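Structure record follows, encoded as structure tokens.
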Protein chains: 2
Amino acid sequence: MPRPRRPLLTRDRIVETALALIDADGLGALSTRRLAAALGVQGPSLYNHFATKDEILDAVADTVTGAVDTSGFASRDWLAALRDWAWSYRRALTSHPNIVPYLAQGPGRRPAALAMADAVYGGLVRAGWPPARATHIGAALRYFVAGSALGSFARGFVEDPELYAAHYPHLRQAHRLAEHQQSVDEGAFALGLDALLHGLAAEYTRTVETVESARPTG
Amino acid sequence: MPRPRRPLLTRDRIVETALALIDADGLGALSTRRLAAALGVQGPSLYNHFATKDEILDAVADTVTGAVDTSGFASRDWLAALRDWAWSYRRALTSHPNIVPYLAQGPGRRPAALAMADAVYGGLVRAGWPPARATHIGAALRYFVAGSALGSFARGFVEDPELYAAHYPHLRQAHRLAEHQQSVDEGAFALGLDALLHGLAAEYTRTVETVESARPTG
DNA sequence: CTCATAAACTAGCGGTGTAAGTTTTCATTC
DNA sequence: GAATGAAAACTTACACCGCTAGTTTATGAG
């Protein structure tokens, strides 16, 4: 087949289909040939639109990141904004858990990821956090969210009662974790996030507010 | 070559070499043929000792997890034990960051990972946390540690000043993050862990201690 | 109308995990 | 001590992988 009258592929269609395949079958199951087949095309044709497979994955990752809402940093206090962002971030990642390991490499050059980092860091600095602290807070929350989305804690335990009964006295109920996956994973996230933010709020009053009150107000 | 007089391979030697290759060149660079070559052997010979490549990776992951120290749960109060564990866990993972994405799938059937989960959960329950809470706390800390080890936050940003200057006003210094990788990543971990534990301590006095004091002492 | 570019194709390279079957040695049993 | 079965190396081979190179033809710009 020569060049068709209307292009069979677009970047958007490729990204869309790749994400669907990743969601359905996992990151490891995405090959250029399988992706091309799903698009009704031969494998190497993809390389007319993307230079490498990683470039496709970058684009997929960025559409996932694009769903994260950082608008709170423009309208709410820093603590509420952090909470909203963390939940939105988590929702975006858990909607497409299979891409998370790839995404966890950092923002790189992906625009949506950079825009998110910019909004979070800017919001924290504007709230009075020293720059180094703002970096640490953004990183800490990313650690927590990414870790929580990377793999279900609950599904990490095999559903085999005998495995635990034999040698792990406290894990006798672990085989039932998978049944309650969502409530376990979300409960752990909620508890951890609340604890984290509680601790940050204490740190804020301890450092930022006292420092500011000791200075002439700007 | 037929069966040799003394075995050329042992499970330990395979795991050791696999970990060294992963540390050196990354998880993606570990192939059965390259691993076999490093062991002075042909690729398929590995299958006399492991059924699949994943089984090799399981063994590698478990030796990494085996370096985590959970002894604090037997000797110290729950808060100090959690802190010691989290740092030890992080050190174990950051010593072999390339295996972390694999390890993040959960304990599965790996003995060291299960023993760790058992110690943490048991320690928290013994301290008076309700079982569901203990699960959430263990999960939340795993999220945080795994997220922090999964990929460096600092190295996630490209060293290209022009990238940030153009469109991300608050990230003007982001290209310098990689220079300070260790202090950024460790600082973020320290801050986040302290905040998390601070929040948990508050929760403990709010729920566990008040509930116990309302009951007849056991 | 010309012509470079774009977008599909086919063929193929070197790599992957692993299944199958072969050979020889080791360890066990009669 | 001979027989036997398992163990541990090997070779060969299959289907798949990411990607390159070169081909063909339609498109859009000059």
Side-chain angles (χ1 to χ4, degrees), chain A residues 1-62 98-99 101-103 105 108-110, chain B residues 1-61 98-99 101-103 105 108-109:
Chain A
M1 190 195 299
R3 172 175 188 177
R5 284 145 201 288
R6 278 211 50 217
L8 304 178
L9 297 177
T10 63
R11 285 176 68 99
D12 281 354
R13 237 167 67 70
I14 293 171
V15 170
E16 223 172 83
T17 308
L19 181 54
L21 284 181
I22 291 170
D23 284 345
D25 303 326
L27 194 56
L30 185 81
S31 75
T32 55
R33 292 184 232 264
R34 281 199 359 116
L35 173 56
L39 290 158
V41 123
Q42 298 296 320
S45 299
L46 298 171
Y47 290 89
N48 288 312
H49 302 265
F50 290 93
T52 65
K53 185 190 180 187
D54 263 19
E55 228 176 63
I56 300 176
L57 289 174
D58 267 356
V60 171
D62 220 36
N98 294 336
I99 191 73
Y102 185 84
L103 203 139
Q105 296 175 200
R109 302 178 166 276
R110 294 183 282 107
Chain B
M1 192 193 301
R3 175 175 185 178
R5 284 145 202 288
R6 277 210 51 216
L8 305 179
L9 297 177
T10 64
R11 286 175 67 99
D12 281 354
R13 238 167 65 71
I14 293 171
V15 169
E16 223 172 82
T17 308
L19 182 53
L21 284 181
I22 291 170
D23 284 346
D25 304 325
L27 194 56
L30 184 81
S31 77
T32 54
R33 291 184 231 267
R34 281 199 358 117
L35 173 55
L39 289 159
V41 124
Q42 297 296 320
S45 299
L46 298 170
Y47 291 88
N48 288 313
H49 301 265
F50 290 94
T52 64
K53 184 190 180 186
D54 263 18
E55 229 177 61
I56 300 176
L57 289 175
D58 266 356
V60 171
N98 295 336
I99 190 73
Y102 185 84
L103 202 140
Q105 295 173 202
R109 301 178 166 277

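Lettering follows sequence order; numbering is per chain, from 1. Reckoned from all heavy atoms, side chains included, excluding hydrogens, waters and symmetry mates. Every value quoted in this text rests on a predicted model; they were computed, and no experiment measured them.
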* To do: Mind checking the CG-CG spacing from A/Leu30 to A/Asn98? Nearest 0.5 Å is all I need.
  => 10.5 Å
* **Nearest listed nucleotide, side chain of B/Pro44, among D/dT12, D/dC19, C/dC9** => D/dT12
* Could you check how far CG of B/Leu35 sits from P of C/dG17, rounded to whole Å? => 9 Å
* Evaluation steps, side-chain contact (heavy atoms from CB on, under 4.5 Å), between B/Leu9 and B/Phe50 -> CA-CA 11 Å; B/Leu9 297 177; B/Phe50 290 94; over 6 Å; no
* To do: Please work out if B/Ser31 contacts a base, only the sugar-phosphate, or nothing of the nucleic acid, heavy-atom cut-off 4.0 Å.
  => sugar-phosphate
With a 3.5 Å cut-off and sequence neighbours excluded, list the donor-acceptor pairs that the side chains of residues 32-42 of chain B form with protein atoms.
{"residue": "B/Arg34", "atom": "NE", "partner": "B/Ala29", "partner atom": "O", "Å": "2.9"}
{"residue": "B/Arg34", "atom": "NH2", "partner": "B/Asp25", "partner atom": "OD2", "Å": "2.9"}

* Specify the separation, in whole Å, of atom NZ of B/Lys53 and atom C1' of C/dT16. => 8 Å
* Asked: So which nucleotide from C/dA8, C/dT10, D/dC19 ends up closest to the side chain of A/Val41?
  -> C/dA8
* Structure fact -> Rounded to whole Å, the CZ-C1' distance (A/Arg13 to C/dA8) equals 13 Å
* Look at the side chain of B/His49 and decide which nucleotide, out of D/dA8, C/dA19, C/dT10, has an atom nearest to it. => D/dA8
* Structure fact -> When rounded to whole Å, the CG to C1' distance for the pair B/Leu9 and D/dC10 reads 12 Å
* Structure fact -> Sorted by position of nearest nucleotide on DNA chain C, 5' first, the leading residue of A/Thr10 and B/Leu30 is A/Thr10
* Asked: What's the CD-C1' distance between B/Gln42 and D/dA13, to the nearest Å?
  -> 14 Å
* Distance, rounded to the nearest Å, where A/Arg33 contributes CZ and D/dC19 contributes P -> 11 Å
* To the nearest Å, give me how far apart CG (A/Leu46) and P (D/dA21) are. => 18 Å
* Structure fact -> To the nearest 0.5 Å, atom CZ of A/Arg110 lies from atom CG of A/Leu103 at 5.0 Å
* Of all the nucleotides listed (C/dG17, C/dC9, D/dG18), which has the minimum atom distance to the side chain of A/Tyr47? -> D/dG18
* Residue pairs involving residues 7-19 of chain B (criterion side chain to side chain donor-acceptor pair (under 3.5 Å); sequence neighbours excluded) -> none
* Rounded interatomic separation in angstrom, taking CD1 from B/Ile56 and P from C/dT16 -> 13 Å
* Counting just side-chain N and O atoms, does A/Ser45 come under 4.0 Å of either OP1 or OP2 of C/dC9? -> yes
* Asked: With a 3.5 Å cut-off and just heavy-atom distances, do the side chain of B/Asn48 and the base of D/dA7 make a donor-acceptor pair?
  -> no
